[in-house]
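Worksheet: the structure to be examined is printed underneath.
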Amino acid sequence: MAAGPKMSLRLAGLAVVVSALLAAPVYGDGYFLTTGFTAMHLAALGLGFTMIIGFTGLLVMNYPAFVAVGAYTSAILMAEEGLAFLPAAVVGGVAAMVLGIAVGLVALRFSGVYVAIVTLALGEAVLVAVRNLEVTGGSNGLAGIPRAELFGRRLDTPIEFYYLAFGLLVVVTVVTALAARSRIGLAWFAVRDDEMAASVSGVPVLRLKLLAFAIGGLIAGIGGAVLAVQQGGIGPGNFNLLQTVLLLGIVVVGGLGSIRGVIVAAVFFTAVSELLRDVGEYRTLAYSAILVLSLLIRPRGFLPERRPTFQWLLRHRGSVEPWPEREALADDTLCQPAAPVPATVGDEP
Amino acid sequence: MVDFGQYTVNGITAGAIYALVAVGFSLVWSARRTLNFAHGAFHMVGAYTAYLALSTVDDVAGASTATKVAVLALALAAGVAVAVGLSSVTYLGIYRPLRRAADSAPFIATLALGILLAEVVNLRTPSSVTIVPQALPADRFEFGGVTVSYTQVGVLAFALVLIVALQLFIRRTRTGRAIRAMATDNDAAILMGINTELLFYVTLTVATAIAVVAGVLVASYFVVINPFLGLGAAIKGLTAAVLGGLGNLNGAIIGGLALGLIEAHATSLFSGSWKDILALLALVAVLIVRPQGLLGAAGSVPNRA
């Protein structure tokens with residue numbers, strides 16, 4: 001469907017953005033680089049979150065707990081066992097992945113808002129554990145996480161962390177995009193839009209949802225490890241409910257399941273946060289206000305995912321009835337099932 | 001044995017407050033199968049209402065207990081007014097515009113609204129924790145070897161009054177009957193000429209009023225309050241509501257009391273804040289084993305336990 005010229009235009013745009021990001025450290029100062037790290041790191045975490053929440057439609061509320069497990073696992077391994085950054089990050093990621101699968105196994109027994117309740121409780125339980133365990137440093141958190149070494153290079157200046165986050169974002173974006181475009185991705189969207197139909201079409205619903213939890217958890221865990229080495233210290237405050245809302249904001253404002261939406265929203269939220277730097281205490285206020293407003297203005301987000309719609313098939317077959325009001329079927333309505341099933345009793349018939 | 005009695009009394013007091021928060025979750029759930037996650041923040045706003053009211057007379061030298069109790073009563077009345085304002089904003093700002101959106105949209109929006117409210121209060125208060133002046137004398141009395149404070153008695157008595165009033169409202173009034181009808185079958189209620197949109201707003205207001213008034217009580221009971229107590233209250237209240245079965249009022253009350261008792265007795269077994277994990281794991285366990293809660297079916301008619 002993507003016509004040749006249009007596709008190459010998009011590729012060119014992507015190339016420009018990537019090379020601008022690569023070259024940016026040459027021109028940017030330390031402040032710019034640190035902000036860049038935050039934005040790209042947030043985008044990477046957001047993509048992991050969108051893998052779970054956007055691709056499967058499950059309202060999972062404990063994502064920061066996965067990040068916490070990755071961060072604490074890798075930090076403890078590096079500080080106590082003297083493990084290098086890369087293996088520590090991988091172990092952290094795997095630990096978060098295991099937790100992701102475990103949470104998924106519990107959450108998948110439920111639907112709708114019950115998923116939110118259960119995952120909220122599980123996430124809070126992880127936080128209570130983090131706050132009370134000795135190995136995690138209790139509510140004070142862990143300090144003095146050793147500097148990371150990657151490919152024989154010590155990471156301790158903003159520029160290195162900038163490239164670390166850039167690398168993370170590139171890998172995560174590629175993984176997410178490939179997953180979304182693969183058979184698995186199509187199946188995810190099918191399950192999200194109509195689970196029954198997908199199930200009778202032979203889509204292994206449970207396994208696919210668990211896979212989303214696993215990949216999302218892995219991304220969260222590795223993101224946590226990166227956060228730990230960049231900050232040099234982590235505490236329970238890095239992973240509380242406010243973080244859930246911030247990440248939820250990024251995923252929802254960007255458009256559920258939309259990769260570019262997540263990245264743009266992460267940059268947007270970081271920019272807002274930096275613009276409000278002088279009045280730092282208003283940040284959370286701004287986040288939540290933006291989230292509420294964006295839900296009111298565009299409940300499906302500002303850059304909803306683009307998916308093959310197969311409208312061209314109908315067109316080429318010259319259906320007798322012209323497709324009614326093609327304009328009304330803009331991108332954002334296509335994510336809805338054809339006939340919205342009244343999910344709540346409050347919906348009028 | 002004395003300890004057992006003491007933990008039980010403390011647990012019942014905490015449980016009564018959990019129950020008051022839980023019935024709000026259940027009411028809104030039964031009306032529209034949605035969770036209002038700003039509910040905890042409404043509770044917190046109530047606590048700050050009490051603080052504002054009581055701190056005006058606290059400075060006055062020699063303010064008698066009677067004056068302070070009168071001020072607390074005024075704070076309760078003000079709390080109801082605040083609740084009407086909060087529920088109007090929530091309904092007009094979130095539930096009405098999002099009434100056709102997916103389930104998750106109002107949930108996320110109210111979650112954000114809750115954090116917004118907490119932040120607003122946080123920015124308006126000079127310190128992160130606030131000490132609430134006490135209306136009732138700080139004395140305690142012995143009752144069968146158990147120490148009970150006047151505040152505890154006040155909280156329990158008022159909670160009882162509120163719950164009885166709510167039960168009467170739901171069971172005996174026309175509006176209450178309409179709410180039950182809406183909870184049973186929304187479409188049928190519409191066909192019977194019930195304005196379900198208006199009725200949902202009324203239900204939301206009642207739920208909010210109970211949360212705010214419970215917040216006023218909490219301020220006196222906990223003494224120290226902070227702007228983020230709503231998050232904890234929401235989790236505890238939600239746990240209690242789910243324990244009893246979402247949408248079931250009696251369930252919410254029993255769930256609240258059970259949660260309060262379990263937690264109070266657990267303090268003797270656990271150190272630090274480990275006991276907080278109990279409520280969370282209990283919630284997950286109940287949902288896995290008995291998703292409809294301890295009493296009746298999820299989303300069942302309130303009071304048909």
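Small disclaimer: the values here were computed from a predicted structure and weren't measured. All chains are named by letter (A, B, ...) in the order of the sequence lines, taking the proteins before the strands, and each is independently numbered beginning at 1.
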Would you compute the distance between atom CG of B/L92 and atom OH of B/Y201 and round it to the nearest 0.5 angstrom?
7.0 Å
Answer with side chain, backbone, both or neither: which region of B/F228 has an atom nearer than 4.5 Å to a non-hydrogen atom of chain A?
neither
Heavy-atom pairs under 4.5 Å with chain A, option from B/V284, B/L278, B/I94 with the top count:
B/V284
Go through A/M61 and B/F107 one step at a time and tell me if the side-chain contact (heavy atoms from CB on, under 4.5 Å) criterion holds.
CA-CA 11 Å; A/M61 301 285 294; B/F107 178 80; 3.9 Å; yes
Leading residue by heavy atom contact count with chain B [cutoff under 4.5 Å; candidates A/L120, A/L133, A/V128, A/V113]
A/V128
Please classify the contact of B/I235 with chain A as side chain, backbone, both or neither, using a heavy-atom distance under 4.5 Å.
side chain
Apply side-chain hydrogen bond (donor to acceptor under 3.5 Å, both in side chains) to A/Q243 and A/Y63, showing your working.
CA-CA 9 Å; A/Q243 289 300 309; A/Y63 188 71; over 6 Å; no
Would you mind checking which part of A/V118 comes under 4.5 Å of any heavy atom in chain B, side chain (CB onward), backbone (N, CA, C, O), both or neither?
both
Is it the side chain or the backbone of A/L293 that comes within 4.5 Å of chain B heavy atoms, both, or neither?
neither
With a 4.5 angstrom heavy-atom cut-off, which part of B/V242 approaches chain A: side chain, backbone, both or neither?
side chain
Roughly how far, to the nearest 0.5 Å, is the CE atom of B/M192 from the CE atom of B/M182?
15.0 Å
Check whether B/L281 gets within reach of chain A through its side chain, its backbone, both or neither, counting any heavy atom under 4.5 Å.
side chain
Greatest number of non-hydrogen atom pairs under 4.5 angstrom with chain B, of A/T244, A/V126, A/L291, falls to A/L291
Contacting region of A/V252 [heavy-atom separation from chain B under 4.5 Å]:
side chain
Part of A/L59 lying under 4.5 Å from any heavy atom of chain B:
side chain
At a 4.5 Å cut-off on heavy atoms, which part of B/L231 comes close to chain A: side chain, backbone, both, or neither?
side chain
Side chain to side chain contact (heavy atoms under 4.5 Å, CB included) partner of B/T196, chosen from B/D187, B/T203, B/N186:
B/N186
Going through the checks in order, is the side-chain contact (heavy atoms from CB on, under 4.5 Å) test met by B/K236 and B/V21?
CA-CA 8 Å; B/K236 297 285 164 67; B/V21 179; over 6 Å; no
Which one wins on heavy-atom pair count under 4.5 Å against chain B: A/L127, A/L122, A/V115, A/I117?
A/I117
Residue-level contacts of residues 110-117 of chain B with chain A, using a heavy-atom cutoff under 4.5 Å:
B/L111, B/A112, B/L113, B/I115, B/L116
Does a donor on one side chain and an acceptor on the other come within less than 3.5 Å for B/E197 and B/Y95?
no
Are A/K209 and A/V191 close enough that some pair of their side-chain heavy atoms sits under 4.5 Å apart?
yes
Heavy-atom distance under 4.5 Å to chain A: side chain of B/F200, backbone, both or neither?
neither
Any side-chain heavy-atom pair of A/I250 and A/F49 under 4.5 Å
no
Report the option among B/I108, B/L35, B/L238, B/L283 that has the most heavy-atom pairs separated by less than 4.5 Å from atoms of chain A.
B/I108
Let me confirm one number: the OG1-CZ distance from A/T270 to A/F268, rounded to the nearest 0.5 Å.
10.5 Å
Please name the pair of heavy atoms, one in A/L99 and one in A/A65, separated by the smallest distance, quoted to 0.1 Å.
CD2-O, 4.3 Å
About how many Å separate CG of A/L241 and CG of A/N62, when rounded to the nearest 0.5 Å?
11.0 Å
Of A/T50, A/L42, A/L45, which meets side chain to side chain contact (heavy atoms under 4.5 Å, CB included) against A/V262?
A/T50
